[in-house]
Amino acid sequence: MAIGILSMVNDEDLSMKVRGSMADIVIERVIDDVSMLKALADPIRMTLLDLTMGQPDRTWTARELAAQVGVLPTNVYYHLNMLERHELLQVRDTRVVNGIIEKHYGAGQYSVTFHRRAGDGGDETRELVLQAIDKVRDDIHDGLKMESMTMSPDAPDSERMMVSTGLVHIPEDQIAGFRAELIQMVTRYERASRNACRFTVMVAIYPS
């Protein structure tokens, strides 16, 4: 099950993250500065990130990614370069094709967490949240329309979607632990395994 998590945390939630070498995929990348927020504050770059994180073991050429997001290959390089510059994408291989160096891109991380510092990147943070919500809404709308997903309890588990909202009451000294448990539960299934079904999970928790 390959899952990309988009979550928002506050300063007190930030903990030590597992990081690998340049050739390794980072388990969780924390987006915590304005320049990285701006790098993602674009629907094309968000889609590129979602595609690559959805299949973290795969590599993609610029042409393949351009076809997925519906832009010309010449126009996708700007977005790829920006994501690569911020290590959100990796160049895992290069090949010479007709005398031109062809890069093969892969995800730089299994999941991302947006960590806003007080007073930084307010507009970019709002734009990212709205883009993430819009993308989930559009994916669900398209899936239900094409009948590739359903909410029917009689459908196979691999086709069932779930949308749920609720109000919980958490003691203040347990809030950070609650958030951590939510993320840990999902990250158990981040790495793709053989015969696994692919689901998208969006985690959101906010004061009411």
So which atom in [X] and which in [Y] form the shortest heavy-atom distance, rounded to 0.1 Å?
{"X": "Ile25", "Y": "Pro56", "value": "CD1-O, 3.4 Å"}
{"X": "Tyr110", "Y": "Ile27", "value": "CB-O, 3.4 Å"}
{"X": "Leu51", "Y": "Trp60", "value": "O-CZ2, 3.8 Å"}

* To do: Step through the shown structure and confirm whether more than 12 heavy atoms of other residues, nucleotides or ligands are within 6.0 Å of CG on Leu130.
  =>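 Yes - once you tally the heavy atoms of other residues, nucleotides and ligands closer than 6.0 Å, there are more than 12.
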* Asked: So does Arg160 have more than 12 non-hydrogen atoms from other groups sitting under 6.0 Å from CZ?
  ->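 Yes - once you tally the heavy atoms of other residues, nucleotides and ligands closer than 6.0 Å, there are more than 12.
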* To do: Treat each ILVMFWY residue as a node, draw an edge where side-chain heavy atoms are under 4.5 Å apart, and state whether Leu65 and Val91 are in one component.
  =>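 Linked within one cluster.
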* Asked: Transitively linked via ILVMFWY side-chain contacts under 4.5 Å: Val163 with Ile133?
  ->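 Yes, Val163 connects to Ile133 through the hydrophobic network.
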Quick check: do [X] and [Y] have side-chain heavy atoms less than 4.5 Å from each other?
{"X": "Ile205", "Y": "Phe178", "result": "yes"}
{"X": "Leu49", "Y": "Gln109", "result": "yes"}
{"X": "Met161", "Y": "Leu144", "result": "yes"}
{"X": "Glu64", "Y": "Arg58", "result": "yes"}

Measuring from [X]:[atom1] to [Y]:[atom2], what's the distance to the nearest 0.5 Å?
{"X": "Tyr77", "Y": "Lys103", "atom1": "OH", "atom2": "NZ", "answer": "9.0 Å"}
{"X": "Leu83", "Y": "Gln90", "atom1": "CG", "atom2": "CD", "answer": "12.5 Å"}
{"X": "Leu89", "Y": "Met53", "atom1": "CG", "atom2": "CE", "answer": "10.5 Å"}
{"X": "Tyr105", "Y": "Leu88", "atom1": "OH", "atom2": "CG", "answer": "13.5 Å"}
{"X": "His141", "Y": "Asp138", "atom1": "NE2", "atom2": "CG", "answer": "8.0 Å"}
{"X": "Met202", "Y": "Ile140", "atom1": "CE", "atom2": "CD1", "answer": "10.0 Å"}

* To do: Could you pull out all residues at least two apart from Ile100 that satisfy side chain to side chain contact (heavy atoms under 4.5 Å, CB included)?
  =>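 Checked Ile100 against side chain to side chain contact (heavy atoms under 4.5 Å, CB included); zero matches.
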* **Those residues that, when tested against Arg85, pass side chain to side chain contact (heavy atoms under 4.5 Å, CB included) (two or more places apart)** =>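 Arg85 satisfies side chain to side chain contact (heavy atoms under 4.5 Å, CB included) with Met82 only.
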* Asp93: salt bridge (Lys or Arg N to Asp or Glu O under 4.0 Å) partners, not counting sequence neighbours ->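 With sequence neighbours excluded, Asp93 shows a salt bridge (Lys or Arg N to Asp or Glu O under 4.0 Å) to Arg95, given in chain and number order.
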* Asked: Which residues satisfy the side chain to side chain donor-acceptor pair (under 3.5 Å) test with Glu102, sequence neighbours excluded?
  ->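 Checked Glu102 against side chain to side chain donor-acceptor pair (under 3.5 Å); matches are His104.
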* To do: Please list, chain by chain and in numerical order, all residues satisfying side chain to side chain donor-acceptor pair (under 3.5 Å) with Asp139, sequence neighbours excluded.
  =>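 Counting only residues at least two positions away or on another chain, Asp139 forms a side chain to side chain donor-acceptor pair (under 3.5 Å) with Lys135.
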* Asked: Under the side chain to side chain contact (heavy atoms under 4.5 Å, CB included) criterion, do Thr61 and Val97 qualify, and how do the steps go?
  -> CA-CA 12 Å; Thr61 65; Val97 179; over 6 Å; no
Does the [X] side chain pair with the main chain of [Y], one donor and one acceptor, at a distance under 3.5 Å?
{"X": "Asp50", "Y": "Met46", "answer": "no"}
{"X": "Gln55", "Y": "Thr52", "answer": "no"}
{"X": "Arg29", "Y": "Glu87", "answer": "yes"}
{"X": "Thr59", "Y": "Arg92", "answer": "no"}

Could you list the donor-acceptor pairs under 3.5 angstrom formed by side chains in residues 145-159, with sequence neighbours left out?
from	atom 1	to	atom 2	distance (Å)
Ser148	OG	Gly143	O	3.4
Thr150	OG1	Ser152	N	3.0
Ser152	OG	Asp154	N	3.2

* Asked: Does the pair Arg45 and Tyr78 meet the rule for a side chain to side chain contact (heavy atoms under 4.5 Å, CB included), with working shown?
  -> CA-CA 10 Å; Arg45 292 193 287 275; Tyr78 169 78; 3.6 Å; yes
